[in-house]
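Nothing here was measured: the structure is a model prediction, and the numbers come from that model. To find a chain, count down the sequence lines: A is the first, B the second, and so on, and within it residues start at 1.
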Amino acid sequence: ADPVTLQLKWVTQSQFAGYYVAKEKGFYEDEGLDVTIKPGGPDIAPEQVIAGGGADVIVDWMGGALAARDKGVGLVNIAQPFKKAGMELVCPKDGPIKSEADFKGHTLGVWFFGNEYPFYAWMNKLGYSTEGGADGVTVLKQSFDVQPLIQKQADCISVMTYNEYWQLIDAGYKPDDLIVFNYTAMGNDLLEDGLYAMEDKLKDPAFEDKMVRFVRASMKGWKYATEHPDEAAEIVVENGGQDENHQKRMMGEVAKLIDNADGKLIEAAYDRTAKALLDQKIITKEPSGAWTSAITDKAIK
Amino acid sequence: MNSVTEKIVPVTTILIAIVIGWYALAMVMNAPFQRDMNRRGNVTPSTVEFLESTLAQAKPIVPAPHQVVQNVYENTFLRKITSNRSLVYHAGVTLSSTLLGFTFGTILGILIAVGIVHVAALDRSLMPWIIASQTIPILAIAPMIIVVLAAVNITGLLPKALISTYLSFFPVAVGMVKGLRSPELMHLDLMHTYNASPSQVFWKLRVPASVPFLFASMKVAIAASLVGAIVGELPTGAVAGIGAKLLSASYFSNTIDMWAALVAGSVVAMLLVGLVGIVSRLVERAMGARPA
Amino acid sequence: MTFAARSWQAWIVLLLTIVAAITLPFTTNSTGFNSTSAVITLALLIAAIIIDGLRLGNALKAVLLFIAAHGAAWLLISGIAGQEGTAKLSFYLAIAAAWLIAWRCVTLLSGLRVKNRSVDTALRILIPAIFGAWILIIWEALVRGAGIPFILLPPPAAIGQRIANSLPVLGADVRQTIFKSVFVGYVIGCAAGFVTAILADRVPFLRKGLLPIGNMVSALPIIGVAPIMVMWFGFDWPSKAAVVVIMTFFPMLVNTVAGLAASSHMERDLMRTYASGYWQTLWKLRLPAAAPFIFNALKINSTLALIGAIVAEFFGTPVVGMGFRISTEVGRMNIDMVWAEIAVAAVVGSVFYGVIALIERATTFWHPSIRGG
Amino acid sequence: MNPTQQYKRADGTQSAVIAASGLGLTFQTNDGPVQALSNVDLTIGKGEFVSFIGPSGCGKTTFLRAIADLEKPTAGTLTVNGMTPEQAREARAYGYVFQAAALLPWRTIERNVGLPLEIMGNTKADQQARIKRTLDMVNLTGFEKKYPWQLSGGMQQRASIARALAFDADLLLMDEPFGALDEIVRDHLNEQLLELWARTNKTICFVTHSIPEAVYLSTRIVVMSPRPGRVTDVIESTLPRERPLDIRETPEFLSIAARVRDGLRAGHSYDD
Amino acid sequence: MNPTQQYKRADGTQSAVIAASGLGLTFQTNDGPVQALSNVDLTIGKGEFVSFIGPSGCGKTTFLRAIADLEKPTAGTLTVNGMTPEQAREARAYGYVFQAAALLPWRTIERNVGLPLEIMGNTKADQQARIKRTLDMVNLTGFEKKYPWQLSGGMQQRASIARALAFDADLLLMDEPFGALDEIVRDHLNEQLLELWARTNKTICFVTHSIPEAVYLSTRIVVMSPRPGRVTDVIESTLPRERPLDIRETPEFLSIAARVRDGLRAGHSYDD
Ligand SMILES: Nc1ncnc2c1ncn2[C@@H]1O[C@H](COP(=O)(O)OP(=O)(O)OP(=O)(O)O)[C@@H](O)[C@H]1O
Ligand SMILES: Nc1ncnc2c1ncn2[C@@H]1O[C@H](COP(=O)(O)OP(=O)(O)OP(=O)(O)O)[C@@H](O)[C@H]1O
Ligand SMILES: Cc1ncc(C[n+]2csc(CCO)c2C)c(N)n1
Ligand SMILES: [Mg+2]
Ligand SMILES: [Mg+2]
């Protein structure tokens with residue numbers, strides 16, 4: 001079987017259920033692949049891993065991938081399982097913020113490490129300075145949990161629909177207690193989990209074929225996972241995911257982002273992402289060749 | 001016998017004081033969230049009930065001692081050692097990279113010290129850089145080390161052990177430079193009058209004279225090694241080990257798990273330092289040191 | 001006294017240079033022999049001869065070797081700039097030869113005995129500086145030569161450039177991390193450790209109870225408390241300072257207690273014969289005697305404090321600070337910025353350490369370890 | 001033979017500065033108890049110069065330390081100026097010179113000598129005057145600003161003597177103060193000490209290993225013996241108070257020295 | 001006065017073990033150069049017992065160290081057994097006894113004594129035999145397995161002498177070996193040393209601060225004086241080779257001692 005190493009962006013959880021399901025259910029094997037899944041973590045930059053040759057393909061957010069491409073790492077999006085963004089900003093109802101207009105002079109929690117681009121793009125659009133002060137917003141680099149809100153250190157914090165949001169619910173907040181700004185709903189979303197491979201390697205037809213098979217099996221895994229969320233969550237837990245209940249709930253939410261599991265990239269979303277990054281000078285030039293539909297086209301056939 | 005009881009009484013008294021202070025802290029720190037909860041849930045408990053509930057939260061800011069103890073107990077004695085939730089399992093993972101890194105670090109530190117003591121050029125050029133190396137925030141380069149090593153297919157125990165090595169070689173190098181230079185001038189002169197060769201001076205004089213220094217620095221080094229192993233586990237995908245446990249607990253604000261992981265780390269630290277202490281006493285006894 | 005015994009470097013340099021000359025060119029896309037490679041091989045060969053062949057003063061020899069080694073290295077590295085990843089064996093051999101020449105130069109310099117104080121001080125700085133420079137040169141040569149991806153490991157020159165271009169950001173980060181978190185935490189932590197040590201000394205019960213616990217805690221993986229401190233003290237610098245306080249407290253406590261026991265029995269008996277009170281004995285005898293131990297803790301703590309503050313910033317901060325920048329810029333693939341922060345941290349840490357070492361020299365001038373030089 | 005009873009001053013008016021009776025001192029060690037002093041009876045009157053001599057480990061230092069309240073006797077009674085040793089220490093009744101110089105390395109010589117004065121709260125001016133006078137007395141003028149390690153062993157020892165003299169206690173306890181010095185310097189300091197003693201009428205207890213030194217200096221020589229530490233002989237000196245250095249070649253001197261040597265040898269075992 | 005010329009053995013056949021002529025040794029220190037030895041001329045023949053005496057800092061130790069190739073002379077010539085000091089050291093021509101015992105604390109007494117033998121590569125059996133013999137010689141049989149701290153200072157010093165004797169060098173350099181011992185033990189060891197010397201015909205250079213010791217032991221006494229360190233007097237002993245302890249009370253002994261004392265006093269300044 002052909003070996004393939006997949007580097008995830010984050011720790012093992014249902015966010016990556018499709019890949020674990022494809023592996024456990026033998027979909028990869030059916031395609032003649034021997035896939036190793038490497039979990040990520042807070043300090044792991046998948047772009048670095050693939051640039052160093054530690055992986056064949058990575059799960060990454062498009063912001064990070066394009067930034068790396070701008071720095072000379074030839075990352076190419078070969079599939080986009082997540083059609084919608086799962087990120088949102090939530091604020092407690094009893095707090096000072098009710099709408100976008102109230103942000104001024106308040107503290108907002110954001111994740112960094114390449115996850116801050118959607119937020120900055122949004123603030124850019126609203127015309128708020130992010131340097132603090134009365135006329136701008138104060139940005140707080142948020143920890144991995146929802147403590148900043150519970151502790152009232154921030155007026156709003158970033159959450160993923162499939163993860164931290166539920167931690168807030170667990171902590172006693174009721175959905176009514178929270179005001180939610182969903183990036184997708186606002187039309188401010190940047191593309192999240194996609195699959196990226198190295199440009200020069202893709203020129204090799206054998207590797208390209210391997211990626212085709214990989215994407216096909218992965219999307220089959222995603223399809224299975226969205227159809228059998230509980231089983232998928234169990235597979236995730238067996239592979240090191242924490243807290244079965246939490247993973248099941250997460251699987252349910254992730255399914256909503258997957259849509260129809262064809263892995264095709266929506267060009268409009270790509271353009272929006274690229275423009276937002278360019279506007280913020282995170283990338284210095286218009287990216288070209290940063291995605292290809294060749295793989296998904298062949299995979300779906 | 002007498003000296004043991006003489007120690008135990010003050011230590012336990014202070015431990016009890018700490019525990020009481022801890023409970024008080026837990027009540028104070030957990031109260032605001034409890035109040036919010038009660039407000040949102042529209043309950044008005046009595047003071048005693050309120051205080052009790054501050055000590056029984058699932059994700060408290062400050063877990064109460066009994067919550068931590070219970071968690072440690074469950075995850076130490078009630079789980080299979082191979083289970084992902086067993087603290088023994090995680091401690092074992094951390095322990096193995098600690099020990100490997102400590103071994104490397106000790107060897108490296110000794111080699112550096114030998115170089116510094118014997119090569120004038122090294123003596124005058126290396127020390128500032130060794131000190132500078134320790135001012136580099138290890139957590140910042142740890143992920144990069146892991147990634148770079150993974151790129152050349154070194155994964156698993158070794159990268160973590162290398163971070164331990166990085167932290168533990170320093171105390172050993174510094175201590176051993178002191179130790180290898182500790183023989184008195186008169187002893188060196190004595191060897192000179194015998195026309196002893198440099199290697200004879202090294203093995204018969206410098207090495208035995210440095211033994212107390214070696215063990216003192218090994219005590220520091222093994223603690224540093226443990227820190228290195230834990231730091232090294234953070235960026236490896238939080239798979240296994242006390243550091244991974246700490247991190248994954250912190251993603252989910254599982255404070256009780258976090259504290260339990262800290263306790264596990266402390267126990268490992270104490271065992272390791274204690275072990276070095278015992279070995280050092282045995283070796284020094286064998287070398288005829290005067291019992292204290 | 002024989003030719004060969006004096007330095008093994010000469011022979012290896014000779015060998016390396018010859019093999020390098022045979023396996024020319026240095027890079028895959030340059031042609032055989034050209035003027036630059038001629039200059040480089042010649043410089044290396046001459047240096048090899050200087051090392052042992054000529055009867056020159058050691059100082060003069062060192063100067064010549066210095067020029068040869070660094071000139072060759074500079075030519076080699078500037079030759080490969082712009083065509084990264086094309087280096088051949090010959091390139092690495094030449095770098096290795098230049099390095100050996102530099103080593104010989106350092107050996108010669110270390111052997112110099114100068115009477116002039118300022119020359120001696122200059123040497124004291126120059127020797128480690130050459131050593132450090134060669135770490136950077138070899139790093140630069142390997143990264144450029146092998147064409148290691150920029151986002152894995154940038155070459156030092158790029159890092160230097162980034163530092164020069166980002167002074168305001170670096171300045172702001174230093175202000176946040178060093179002047180707020182580290183400084184406040186260090187002062188409070190060291191002071192608290194010191195006061196506790198005196199307290200424990202005064203109250204034997206406390207000493208017996210606290211010290212075993214202190215010894216234990218000082219061995220703990222303290223960084224584990226960083227997320228907890230962020231939970232308790234908020235995301236701004238106080239939580240980082242709290243981590244620093246915890247990290248510095250125990251080394252100071254343990255060292256001060258050890259230091260207070262450092263005065264000899266005879267000295268304490270002497271004070272007793274004067275019917276000296278507790279505080280008089282403390283102030284006139286035991287604290288001065290403890291000074292070397294206290295400085296030891298201050299030195300250990302200077303590096304611990306920095307690491308603690310930076311690590312704590314990984315768990316939540318405002319959008320400024322060295323730890324914040326490091327973790328954020330990795331995500332943005334600005335690895336040169338990460339290394340710039342690391343370099344700044346190392347420099348600040350070394351300076352911090354150096355300043356304390358200087359104060360130590362001035363105040364514990366009487367201690368044999370310092371008198372002895 | 002009981003030294004206390006045996007001892008009787010000619011003028012009878014002498015008040016006892018040190019009075020030990022049945023004095024015992026046992027150290028508890030890991031290897032069991034060590035009897036450092038056993039049943040010591042000794043009375044020392046004002047103005048006496050008493051030397052203690054005996055093999056290593058016979059309790060000389062221990063006896064001096066008991067007087068100085070640095071060790072607590074475990075049997076018998078001991079008074080200093082009629083007080084308990086503790087009261088005497090608190091009244092700063094004595095100056096103590098240790099075998100090693102025990103100077104504080106971070107203080108200059110003058111500040112080392114001034115240390116007891118600082119502690120006892122003398123005025124700055126008085127401190128200066130006393131430091132000058134005592135440094136002069138031990139021939140160290142000109143070395144005030146030097147640090148101890150910049151002086152030779154002998155000079156350090158003299159500074160430590162100056163320190164003990166600085167506050168003018170009536171009782172001097174000296175534990176082998178000249179052990180580390182060469183013979184000539186020793187002779188010189190012996191002369192100076194005798195001169196000081198004659199002038200000030202201090203009481204001096206002096207431990208030494210040297211028979212000639214003991215005989216030359218003392219009005220009485222106490223010979224001790226180890227295991228258990230005890231007084232085996234007390235020899236009254238018949239030499240006059242006025243003693244030029246060459247008194248050491250007189251037959252009278254030599255006969256006292258021979259008596260001391262015999263007393264010593266009796267209590268001596270060679271394997272120590 | 002030139003000691004070398006002045007000195008002439010009666011039998012004339014004596015070969016020089018140590019020959020110094022115009023020897024000078026200057027230390028470079030931070031405060032400028034210190035002339036530890038200046039223009040020393042001295043010849044020591046086989047089987048002599050030469051004592052060096054003089055005030056602190058007069059260069060006694062430095063002279064011994066120069067012979068032992070532990071310091072390099074900066075002027076004049078020095079030969080040991082006709083070789084340079086370095087060659088002599090490499091030929092293991094001498095045993096050196098330091099002022100302090102300098103035993104290695106992690107070795108038992110027998111392994112301390114065996115240390116030079118190990119280094120010189122003697123066979124195990126030979127080592128055992130020599131250790132037994134020399135420990136016996138210094139009366140330490142039975143203490144083979146003890147560690148240094150389990151022995152008294154005197155015993156430690158004897159062990160260190162045993163160590164220097166173990167490899168049977170013909171030349172013994174002893175730097176105040178008995179300085180730390182009490183008088184009785186010292187007398188005993190003096191007797192033993194004389195006895196050893198008489199039996200083995202070794203050449204011994206012996207540094208001491210004690211005039212009686214120097215007179216009692218030596219065939220010649222070299223008196224030195226500091227600043228700069230130099231030889232001021234060389235006194236030939238007229239005492240017989242056979243010397244019971246009580247020879248020290250004979251007029252002849254006392255007259256030599258007085259001569260040494262005068263020589264010493266001449267070169268002495270009190271401020272050290
Ligand atoms: N603190 C102590 N603990 C236990 N034993 C002690 C202590 N101090 C002294 N001794 C023992 O008490 C005895 C007398 O000791 P002391 O120091 O008084 O002898 P000394 O006559 O002064 O000997 P030296 O001439 O060697 O100074 C010795 O056997 C010694 O080992
Ligand atoms: N390594 C050294 N560096 C500088 N000066 C030295 C050194 N060794 C000795 N001296 C100086 O040389 C002189 C002679 O010293 P030496 O040790 O030979 O004297 P000594 O006669 O043995 O004295 P003591 O009786 O005190 O042992 C002294 O002034 C001393 O300070
Ligand atoms: C340092 C760091 N902090 C936060 C995130 C945010 N984030 C992005 S995906 C994901 C998992 C879904 O909950 C999370 C938490 C990150 N990637 N890295
Ligand atoms: Mg004593
Ligand atoms: Mg000497």
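Atoms CE and CD1, on C/M333 and A/I282 in that order, are 12.5 Å from each other to the nearest 0.5 Å.
Heavy-atom pairs under 4.5 Å with chain C peak, among A/V110, A/V139, A/D70, at A/V139. Between chain A and the residues C/V330, C/V319, C/V320, C/T317, the largest count of heavy-atom pairs under 4.5 Å involves C/T317.
For C/L153, no part lies under 4.5 angstrom from a heavy atom of chain A. There is no contact between A/T138 and chain C, counting heavy-atom distances below 4.5 Å. Within the 4.5 angstrom heavy-atom criterion, no atom of C/E329 approaches chain A. Residue A/E47 touches chain C through both its backbone and its side chain, counting heavy-atom pairs closer than 4.5 Å. No part of A/E131 comes within reach of chain C, as not one of its non-hydrogen atoms sits under 4.5 angstrom from that chain.
Contact check for A/K71 versus C/N334: side-chain heavy atoms found under the 4.5 Å cut-off. For the pair C/S327 and A/K141, the minimum side-chain heavy-atom distance is below 4.5 Å.
Taking both residues in full, the closest heavy atoms of C/P149 and A/A51 are given as CG-O, 3.7 Å, listed atom of the first, atom of the second, then distance. A pairwise comparison of heavy atoms in C/L152 and A/Q48 identifies CD2-O, 3.5 Å as the closest pair.
Other residues, nucleotides and ligands contribute more than 12 heavy atoms inside 6.0 Å of the CZ atom of A/F207. Summarising the local packing, CH2 of C/W134 is surrounded by more than 12 heavy atoms from other residues, nucleotides or ligands at distances under 6.0 Å. By the 6.0 Å contact criterion, NZ on A/K285 is enclosed, its count of non-hydrogen atoms from other residues, nucleotides or ligands being greater than 12.
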